[in-house]
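Scroll down for the structure; my scribbles are underneath it.
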Number of protein chains: 2
Amino acid sequence: MGITERREREKEQRQNAIIDAAETVFFSKGVENATMDEVAEQAELSKGTLYLYFQNKDDLYHAIILRGLNLLHSSFEEAVVKEEKGIDKLNAIGRAYYDFYKQYPEYANAMLHHEGHKIDIECNEKNPFVAHCNETGNKLFGFMQEAVKTGIQDGSLRPDLNPLLVSVVLWAHSNGIMQIIESKGEFFEKMMGIKREDIMDYSFQLMRCYLKNNPG
Amino acid sequence: MGITERREREKEQRQNAIIDAAETVFFSKGVENATMDEVAEQAELSKGTLYLYFQNKDDLYHAIILRGLNLLHSSFEEAVVKEEKGIDKLNAIGRAYYDFYKQYPEYANAMLHHEGHKIDIECNEKNPFVAHCNETGNKLFGFMQEAVKTGIQDGSLRPDLNPLLVSVVLWAHSNGIMQIIESKGEFFEKMMGIKREDIMDYSFQLMRCYLKNNPG
DNA sequence: ATTTATTCTGACTGATAGTCATTTATTAAA
DNA sequence: TTTAATAAATGACTATCAGTCAGAATAAAT
């Protein structure tokens, strides 16, 4: 009786097909300007069907964001595992973040949308994908926190750092950079002659100043 | 013939009254959930009249944001003028930013909305208040940049800093902190036991690490 | 008192997120 | 094979809301 299983599989495939369609539409003209009817047309389904698979437009968007977060999660995990020292783990995480931005700028940009979302514990049933994004986001944050703790213990990071607070600041700092690059990147490039990569590079450089242990 | 002048004055008063009403409505339930009809009712005007004074909802919101930016502008100016050394100017700017957040959390939060806006040079006619916000935002940024330059020259900041890039990073960093406090502040307070002020304080502390000159 | 200019109104339009009674397709039972 | 039961999909419909505009109301000028 593999029918139930097959149905389950088909359901998942259809759900993914809808996310694919939404990605195409949302990324091409921006979520704000994209309509559910357009997603439905791209997916070759009726609008009503979309709502059988997703609670609402925002949750569908978070299904896309979740894909990005999962990619980033893999990269972070890899980064943390392959390096020994705390400072190197953090450098590798920074590198992963940077590469992610370079390789998937649209996912990176979509992530900003999630970062702006207020965490609402009640919303789990109403917005399952939002909830899932929160979970995955917490895991990413956890990787950073662990790396900081490791670094403090192995002496590669300043011993007086507060692991939790410094992780919060690192996270906020990174997202701030991402956001300014997204919203003002073109302006800076055209008017000030500085490239987006320069901003990212430089901010990582400065981060190292407050992280690195300088004995003596 | 002071009629034209009186008319001019009344027009401005009415415009301000509308901004007052919009502030009440937008701040009480959030811009997203607030309608122009509600603003009209609060202002005791018809909806059509709102559109004689403002191009659209977003521009009206930016009229509110502009009030916040102007407050911040005064504080920044005061901060820069009263201090001599570059590092002290920056500290005072940080302090001003912090006080602004404490005293006007709603304006601070509204500012985030503007920071997320892509700069569109074409939009000036269509969204005059957005354009004005951009101008004022640039001035704020200019204060920071000047303070950094001063600090490099007077030796209170690291001599190898790139004034433009470090200003961009400072700006992005600050906004990132603001955003994380807005979106995750409650979460951090309840689940991790860290207050919003702690995050702000700590991030300023860390900023000083990459700014301050440590000779020897 | 009449004309002109200015300000305001609110019913209307268009766009779009989300719903739901109905139809179509699939599987199980007779 | 026919019929009943279950699941998936549809698209016309509703509700909401930003933004418009022809005309009413008010004020100023002649």
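Computed from heavy atoms alone, side chains included, the values below leave out hydrogens, waters and symmetry copies. None of the values given here were measured: they were computed from a predicted structure. We name chains A, B, ... by the order of the sequence lines, and we start the count at 1 in each one.
Rounded to an integer number of Å, the gap from CZ of Phe54(B) to P of dT20(D) is 15 Å. Separating the CG atom of Leu60(B) from the P atom of dG19(D) is a distance of 10 Å, rounded to the nearest angstrom. What separates CD of Glu44(A) from C1' of dA9(D) is a distance of 14 Å, to the nearest Å. If you take CG of Asn56(B) and P of dC17(D), they are 17 Å apart, rounded to a whole angstrom. As a whole-Å value, the separation of Met36(B) CE from dA15(C) P is 19 Å. For the pair Glu32(A) CD and dA18(D) P, the interatomic distance rounds to 14 Å; values are reported in whole Å. For the pair Leu50(A) CG and dA17(C) P, the computed distance is 10 Å after rounding to whole Å. Following rounding to the nearest Å, Asp59(A) (CG) and dG18(C) (C1') show an atom-to-atom distance of 14 Å.
Side-chain contact between Leu206(A) and Leu161(B): present, with at least one pair of heavy atoms (C-beta onward) separated by less than 4.5 Å.
Place Thr49(B) and Arg7(B) on DNA chain D by their nearest nucleotides, and Thr49(B) ends up nearer the 5' end.
Within the 4.0 Å cut-off from OP1 or OP2 of dA28(D), at least one side-chain nitrogen or oxygen of Arg6(B) is found. Put simply, Lys57(B) has a side-chain N or O that comes within less than 4.0 Å of OP1 or OP2 on dA18(D). A close approach under 4.0 Å does not occur between any side-chain nitrogen or oxygen of Ser46(A) and OP1 or OP2 of dA9(D). OP1 or OP2 of dG18(C) has at least one side-chain nitrogen or oxygen of Tyr51(A) nearer than 4.0 Å. For dA9(D), the OP1/OP2 oxygens have a side-chain nitrogen or oxygen of Arg14(A) closer than 4.0 Å. The side chain of Tyr53(B) contributes an N or O atom lying less than 4.0 Å from OP1 or OP2 of dC8(C).
Across the strands present, dT1(D) finds its partner in dA30(C); the criterion is a Watson-Crick or G-U wobble pair with both atom distances under 3.5 angstrom.
Aromatic pair His114(A)/Tyr61(A): centroids not less than 6.0 angstrom apart. Annotation: Tyr107(A) is in aromatic contact with Phe27(A) [ring centroid separation under 6.0 Å].
Taking NZ from Lys184(A) and NZ from Lys118(B), the interatomic distance works out to 11.0 Å, rounded to the nearest 0.5 Å.
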Pairs of donor and acceptor atoms involving the side chains of residues 96-105 of chain B, under 3.5 Å and at least two apart or interchain, shall be tabulated with distances.
| unit_1 | atom_1 | unit_2 | atom_2 | d |
| --- | --- | --- | --- | --- |
| Tyr97(B) | OH | Asn175(B) | OD1 | 3.0 |
| Lys102(B) | NZ | Glu197(B) | OE2 | 2.7 |

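When heavy atoms are screened at a 4.0 angstrom cut-off, Leu52(A) is found touching base atoms of the nucleic acid. Ala34(A) comes within 4.0 angstrom of sugar-phosphate atoms only, judged by non-hydrogen atoms across all strands, and of no base.
In this model, no side-chain donor or acceptor of Lys11(A) finds a partner on the base of dA8(D) within 3.5 Å.
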